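In what follows, a structure is listed as structure tokens, so that the remarks can point back to it.
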Amino acid sequence: MSSDIHLVGPVASSAGFEGRSLALVVFLAFVTVSLLLCGLAAADQDDPEHFYAGGATLGPVGGGLAVAGDYVSAATLLSTTGSVALVGADGILFAMATVASLVLVMLVLAKPLRGGGIYTLGDFLSERLADRSVRVPLGIAAMVVLFPLLVVQLAVAGKIMTSMFGLPSGALTGCTVASGALMICYSAFGGMRGTGYIQILKTVVVVAVVVLLAGIVLGRFGWSPFSLFDAARQGSRGGSYALPGLQFGRGFAGWLDLTGFLLTLVLGAACMPHITMRLHPLRGTRSARRAAAWAVGPVALLCTGVVVIGLGAAALVGHKNIVAADPGGNSALLMVTTALDPESGGPRHSLLFAVVACAVFITTLSTVAGITLAAASAFTRDLAGPTGVGGRGRRSMAGEVRLARWAVAVVGALAVFVATQTVGRNPQVLLSFAFAGAASVLPPVLLFAIFRRHFTAGGVRWAVYGTLPLVAVLMAWSPAASGTPISLFPDRDFHWFPLHTPGLVTIPAGFLLALAGSGLLRRRPTAPAVPPAVAPEPQDAYAEWARRR
């Protein structure tokens with residue numbers, strides 16, 4: 001025994017040094033390269049066109065990869081892997097819905113949303129409806145759906161950093177603050193082009209790591225997906241693992257919950273402001289089609305790999321061990337990584353664990369940069385603009401960019417503070433609220449504005465101010481807030497709304513309120529909106545920018 005311990009000790013220590021050293025090297029390399037890219041991108045960003053829409057210089061390939069990078073979040077990697085591991089067929093449906101949502105974005109929204117001088121949803125709707133009053137409600141909607149998402153991503157980034165470097169739990173706050181500082185630097189100095197470079201780098205790295213890990217999992221089972229699925233079913237819940245309904249139950253309420261969740265995932269992810277912001281710089285129909293292929297392809301490959309890894313977690317780690325570590329299954333990805341490298345002496349000593357943890361951290365950090373930029377843009381353009389709350393007339397182009405950078409700093413700092421105060425709480429309720437809010441408000445106003453005649457600014461206001469409070473009320477009294485082991489308050493039970501996600505109620509409500517606010521539910525349609533007067537030809541770039549404001 002003593003000789004074995006003496007032999008294993010140095011090996012584990014050496015492996016531990018190698019694993020931590022690799023994690024540190026990969027982390028520092030990513031930070032250095034990404035900051036360099038942001039610095040290069042910031043060289044000519046002294047006007048709003050470059051700061052908000054610098055992604056136009058990325059081209060269709062770069063633009064598509066940037067969309068894919070913004071679309072893939074920590075939830076895609078961690079939550080979907082855990083769902084596949086724990087609930088089988090339901091998790092596979094969630095992965096398929098993720099890909100379907102991006103297809104909806106690129107096929108339906110990419111062409112109408114692109115255009116010069118359009119940076120936010122407020123810009124698009126105010127020009128489409130010829131009514132600037134829609135800016136404030138759309139700015140509020142963007143902030144409401146993006147801020148919870150930002151808080152969750154920052155909390156995950158802090159946890160991943162502590163795990164990656166083997167730090168004690170007391171370092172979690174410091175890691176969260178460090179992640180937030182990097183996020184602010186990326187967004188404030190890099191702008192749209194700088195964060196686009198980071199998203200492209202992240203897409204390449206993360207897809208490569210997920211494909212590598214999925215290949216290792218398949219190799220353990222003779223490269224047979226059927227053998228892998230059988231092993232996953234045996235390690236999880238037997239025959240029920242292969243049938244939908246485990247996530248929410250197979251009763252009537254469970255099927256309603258599953259349907260509402262899938263609908264919320266497809267529509268909510270498709271219309272997130274940080275995703276639609278990537279579509280505005282696309283130029284030309286052909287470029288939009290090429291960007292669609294380069295966006296959907298990597299995400300489809302990544303989601304396929306996530307399904308394989310989730311099945312591997314169920315087979316190699318087991319349902320009981322995953323639930324014991326995290327009832328929501330968010331630790332399944334890192335647990336299966338450790339199981340695939342058992343001779344390393346634990347996760348802190350594993351080279352494979354270091355690579356995967358760095359990939360997750362890169363995913364999280366780049367995602368929060370994109371979300372922060374979108375939130376700051378909505379605040380600057382829609383809420384603090386000349387027609388927004390507290391607007392003070394026309395600003396110079398340099399003043400516009402300066403205000404946007406300050407908004408990045410303020411939004412980022414506030415999100416870091418909230419993330420440090422929610423340590424130990426399950427973030428699922430915040431994710432559900434963000435996606436339910438986006439799915440219930442943004443698809444109605446976007447689709448009606450694009451495809452429905454006589455849609456007015458009143459419909460936008462009714463959809464935003466009527467639907468968001470409904471989402472908040474139903475979420476507060478849902479099982480996502482209390483009554484289950486993965487609730488925000490697991491030790492209390494005050495829910496009366498039976499569904500975990502209120503999308504099945506709030507999404508139709510959003511469409512109906514948008515129609516009612518526009519007067520389109522009446523027997524006779526209202527008179528068409530008066531087209532805006534033709535503006536005189538602008539004399540310079542600033543006049544063009546001011547006209548679009």
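Small disclaimer: the values here were computed from a predicted structure and weren't measured. Values reported hereafter were calculated over all heavy atoms of this structure, with side chains retained and with hydrogens, waters and symmetry mates removed.
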Using residues 294-303 as the side-chain source, report each donor-acceptor pair under 3.5 Å to any protein atom, sequence neighbours left out, with the distance given to one decimal.
none

(message) Going by side chain to side chain contact (heavy atoms under 4.5 Å, CB included), Val408 matches just one of Ile184, Leu403, Thr380. Which one?
(response) Ile184
(request) Check whether any side-chain N or O of Thr203 sits under 3.5 Å from a backbone N or O of Gly69 as a donor-acceptor pair, and report yes or no. (result) yes
Review item, side-chain donor-acceptor pairs of residues 437-450, under 3.5 Å, at least two apart:
from	atom 1	to	atom 2	distance (Å)
Ser440	OG	Ala436	O	2.7
Ser440	OG	Thr506	OG1	2.7

(request) For residues Val368 and Tyr186, determine if any side-chain heavy atom of one lies less than 4.5 Å from a side-chain heavy atom of the other. (result) no
(message) Using modelled atom types and a 3.5 Å cut-off, is there a donor and acceptor pairing between side-chain atoms of Ser187 and backbone atoms of Ala369?
(response) yes
(request) Spell out, as yes or no, whether a donor-acceptor pair under 3.5 Å connects the side chain of Arg405 to the backbone of Ala188. (result) yes
(message) I'd like to check the side-chain hydrogen bond (donor to acceptor under 3.5 Å, both in side chains) partners of Ser179; sequence neighbours left out, ordered by chain and number.
(response) none
(request) May I ask you to decide if Leu77's main-chain N or O and Thr80's side chain share a donor-acceptor pair within less than 3.5 Å? (result) no
(message) Are Thr176 and Lys159 packed together at the side-chain level, in the sense that at least one heavy-atom pair is separated by less than 4.5 angstrom?
(response) no
(message) Could you check whether any side-chain N or O of Lys202 sits under 3.5 Å from a backbone N or O of Val72, counting only pairs where one atom can act as donor and the other as acceptor?
(response) yes
Tell me which donor-acceptor pairs under 3.5 Å the side chains of residues 471-481 have, and how far apart each pair is, sequence neighbours excluded?
from	atom 1	to	atom 2	distance (Å)
Ser478	OG	Met475	O	2.9
Ser478	OG	Ala480	N	3.3

(request) Could you point out which residue of Arg278, Met277, Met183 forms a side chain to side chain contact (heavy atoms under 4.5 Å, CB included) with Thr195? (result) Arg278
(message) Going by side-chain hydrogen bond (donor to acceptor under 3.5 Å, both in side chains), name the residues that satisfy it together with Ser101, two or more places apart in sequence or in a different chain.
(response) Tyr71
(request) Taking side-chain contact (heavy atoms from CB on, under 4.5 Å) as the test, write out the residues that go with Leu201, two or more places apart. (result) Phe30, Val33, Val205
(message) Any side-chain to backbone donor/acceptor pair from Gln199 onto Ser366? Under 3.5 Å, distance only.
(response) yes
